[in-house]
There are 2 protein chains.
Amino acid sequence: MILEKKKAFSEFAANKGLRSTRQRDIILDIFLSTHQHVSVEELYLKVKASHPGIGHATVYRTLKLFAEAGLAREILLHDGQTRYEHVLAGEHHDHLVCTGCNAIIEFEDETIEKLQKEIALRHGFLIRSHKLEIYGLCACCRS
Amino acid sequence: MILEKKKAFSEFAANKGLRSTRQRDIILDIFLSTHQHVSVEELYLKVKASHPGIGHATVYRTLKLFAEAGLAREILLHDGQTRYEHVLAGEHHDHLVCTGCNAIIEFEDETIEKLQKEIALRHGFLIRSHKLEIYGLCACCRS
DNA sequence: TAAGATTATGAAAATGAAATTCAAAAGCAA
DNA sequence: TTGCTTTTGAATTTCATTTTCATAATCTTA
Ligand SMILES: [Mn+2]
Ligand SMILES: [Mn+2]
Ligand SMILES: [Zn+2]
Ligand SMILES: [Zn+2]
């Protein structure tokens with residue numbers, strides 16, 4: 001799975017005429033080693049731990065490339081930090097966001113997805129993407 | 001409807017021990033006169049047009065109060081600007097956002113709302129709020 | 001493989017939205 | 001009014017992100 005993603009990025013880079021750099025390889029490795037929903041700052045700190053020379057700007061730029069390449073998805077919750085999550089081929093999910101402990105629970109609901117398509121159809125709207133975020137308290141934080 | 005909202009805000013202010021100020025009255029009047037989904041800057045400019053003395057900070061602070069009072073809702077789309085929309089008592093809706101012309105189409109779907117509750121229940125999650133935004137192209141921008 | 005052309009990088013500066021500071025002004029209870 | 005408290009607005013600060021630009025790395029071609 002990690003190899004697939006590396007390959008996917010090489011192909012994307014080749015297609016776009018991007019050069020292959022040590023930094024991009026490192027950032028990709030570290031991104032792939034993280035769990036879901038990393039903020040740019042978190043990832044930057046991880047990168048810096050083993051590769052102090054790599055700068056903020058490169059991490060920002062590279063994560064945007066990953067998103068463009070389809071292996072990461074940018075998510076904006078309500079904390080002013082952009083996060084990136086891993087995109088598995090063909091998979092989509094939405095989020096339950098706990099405002100108590102910041103946990104993020106993922107879910108999928110085919111019916112909701114279908115209803116969205118119907119709504120779009122009804123308005124002559126062409127869907128490019130969507131986000132559904134449910135904010136509240138997770139089971140732990142309720143009790 | 002405008003009077004109701006003004007009254008609602010007075011009550012909220014009274015309850016919170018807030019003072020009644022000329023600025024808040026003006027900003028409320030102008031907010032109520034706008035259409036849906038105003039950015040803070042847009043509102044600030046409108047306010048400044050007739051009342052040049054009123055500052056940015058007051059507009060920011062006051063809109064937060066409106067949200068707290070329940071007569072406005074903060075919405076964060078993907079353009080880095082906080083917007084506020086009018087909240088009608090007991091009403092809820094979600095958004096189709098056109099990335100072509102920035103139009104925002106509102107919709108309600110009871111089934112989606114119900115399904116969200118079921119998902120939350122399944123995860124022991126207590127819903128406080130949610131947002132569903134569908135991004136894409138509106139009918140005009142498609143053709 | 002060396003040169004030349006182009007792209008990528010990183011430190012620092014710039015940006016832009018939002019929050020904060022603080023002295024002055026306004027509101028309020030008595 | 002008086003005196004106390006809240007609010008205001010200009011300016012400053014903050015913070016995430018973007019941009020700039022000189023330097024470095026990569027790729028292409030000979
Ligand atoms: Mn996720
Ligand atoms: Mn709306
Ligand atoms: Zn929690
Ligand atoms: Zn449009």
Side-chain angles (χ1 to χ4, degrees), chain A residues 9-31 37-69 72-84 102, chain B residues 9-31 37-69 72-84 102:
Chain A
F9 185 65
S10 314
E11 276 170 22
F12 166 82
N15 254 39
K16 266 210 117 191
L18 300 180
R19 293 179 177 177
S20 133
T21 70
R22 200 176 49 89
Q23 289 81 339
R24 285 177 184 156
D25 287 349
I26 291 164
I27 295 170
L28 181 52
D29 275 337
I30 295 179
F31 174 66
H37 321 117
V38 223
S39 73
V40 183
E41 186 63 18
E42 278 162 15
L43 195 73
Y44 167 69
L45 291 175
K46 274 207 172 186
V47 166
K48 212 178 61 164
S50 48
H51 300 81
I54 295 181
H56 255 111
T58 303
V59 175
Y60 273 99
R61 289 189 279 232
T62 306
L63 284 172
K64 280 200 182 276
L65 286 178
F66 294 168
E68 211 184 323
R73 183 160 68 124
E74 197 177 291
I75 49 184
L76 302 166
L77 306 180
H78 281 192
D79 66 346
Q81 299 233 139
T82 301
R83 293 171 179 281
Y84 285 87
N102 295 313
Chain B
F9 185 65
S10 315
E11 277 168 22
F12 166 83
N15 254 40
K16 267 210 116 190
L18 300 179
R19 291 182 178 173
S20 130
T21 71
R22 200 176 49 89
Q23 288 82 337
R24 285 176 185 156
D25 289 348
I26 291 165
I27 296 170
L28 181 51
D29 274 337
I30 295 179
F31 174 65
H37 320 118
V38 221
S39 73
V40 183
E41 186 62 20
E42 278 162 14
L43 195 72
Y44 167 68
L45 291 176
K46 273 208 172 188
V47 166
K48 214 179 58 163
S50 48
H51 300 81
I54 295 181
H56 256 110
T58 302
V59 176
Y60 274 101
R61 289 189 280 233
T62 306
L63 285 171
K64 282 204 181 274
L65 287 178
F66 294 167
E68 212 185 321
R73 182 160 68 124
E74 198 177 289
I75 48 183
L76 302 166
L77 305 179
H78 281 194
D79 66 345
Q81 297 234 139
T82 301
R83 293 171 180 281
Y84 285 87
N102 295 313

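Below, chain A is the first sequence line, B the second, and so on; all start at residue 1.
- Checking the phosphate oxygens (OP1, OP2) of D:dT17, a side-chain nitrogen or oxygen of A:Tyr60 falls inside 4.0 Å.
- Following rounding to the nearest Å, A:Ile54 (CD1) and C:dA11 (P) show an atom-to-atom distance of 10 Å.
- Exactly one of B:Leu65, B:Thr58, B:Thr21 qualifies for a side chain to side chain contact (heavy atoms under 4.5 Å, CB included) with B:Ile27. That residue is B:Thr58.
- What separates CG of A:Asp79 from C1' of C:dA18 is a distance of 15 Å, to the nearest Å.
- Nucleic acid contact class of A:Gly17 (heavy atoms, under 4.0 Å, all strands): none.
- Applying the 4.0 Å criterion to OP1 and OP2 of C:dA18, one finds that B:Thr82 has a side-chain N or O inside that range.
- In this structure, A:His56 and B:Gln81 both approach DNA chain C, and ranking their closest nucleotides by distance from the 5' end singles out A:His56.
- Residue A:Lys64 is classed as a sugar-phosphate contact, given heavy-atom separations below 4.0 Å to backbone atoms only.
- Closest approach to the B:Ala57 side chain among D:dT17, C:dA18, C:dT20 is made by C:dT20 (side chain taken as heavy atoms from C-beta onward).
- Atom NZ in B:Lys16 sits about 14 Å away from atom C1' in D:dT7, given to the nearest Å.
- At whole-Å resolution of the value, CZ in B:Arg24 and P in C:dA25 are 19 Å apart.
- When distances run from any side-chain atom of A:Thr58 to the nucleotides D:dT19, C:dT9, D:dG9, the shortest one goes to C:dT9.
- Of the residues A:His56, A:Lys46, A:Arg83, the one that meets the side chain to side chain donor-acceptor pair (under 3.5 Å) test with A:Glu41 is A:His56.
- Between atom CZ of residue B:Arg22 and atom CD1 of residue B:Ile26 there is a gap of 4.5 Å, rounded to the nearest 0.5 Å.
- When all heavy atoms are compared, the tightest approach of B:Tyr44 to B:Ile54 is CE1-O, 3.5 Å.
- Atom NE2 in B:His51 sits about 15 Å away from atom P in C:dA26, given to the nearest Å.
- The side chain of B:Arg61 sits closest to C:dT21 out of C:dT9, C:dT21, C:dA18.
- No engagement by B:Glu41 is indicated, since no non-hydrogen atom pair under 4.0 Å with the nucleic acid exists.
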Listed pairs, N/O of protein and of nucleotides 27-30 of chain C, under 3.5 Å:
from	atom 1	to	atom 2	distance (Å)
C:dG27	N2	B:Arg19	NH1	3.3
C:dG27	N2	B:Arg19	NH2	3.1
C:dG27	N3	B:Arg19	NH1	3.0
C:dC28	OP1	B:Ser20	N	3.2

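- At a threshold of 4.5 Å between non-hydrogen side-chain atoms, the residues B:Tyr84 and B:Phe66 do not count as touching.
- Contact annotation: the side chain of B:Gln81 never approaches that of B:Glu42 to less than 4.5 Å [non-hydrogen atoms, C-beta and beyond].
- Between A:Tyr44 atom OH and D:dT17 atom C1' there is a gap of 14 Å when expressed in whole angstrom units.
- As rounded to whole Å, 15 Å separates atom P of D:dA16 from atom CG of A:Leu63.
- Following rounding to the nearest Å, B:Ile27 (CD1) and D:dT7 (P) show an atom-to-atom distance of 13 Å.
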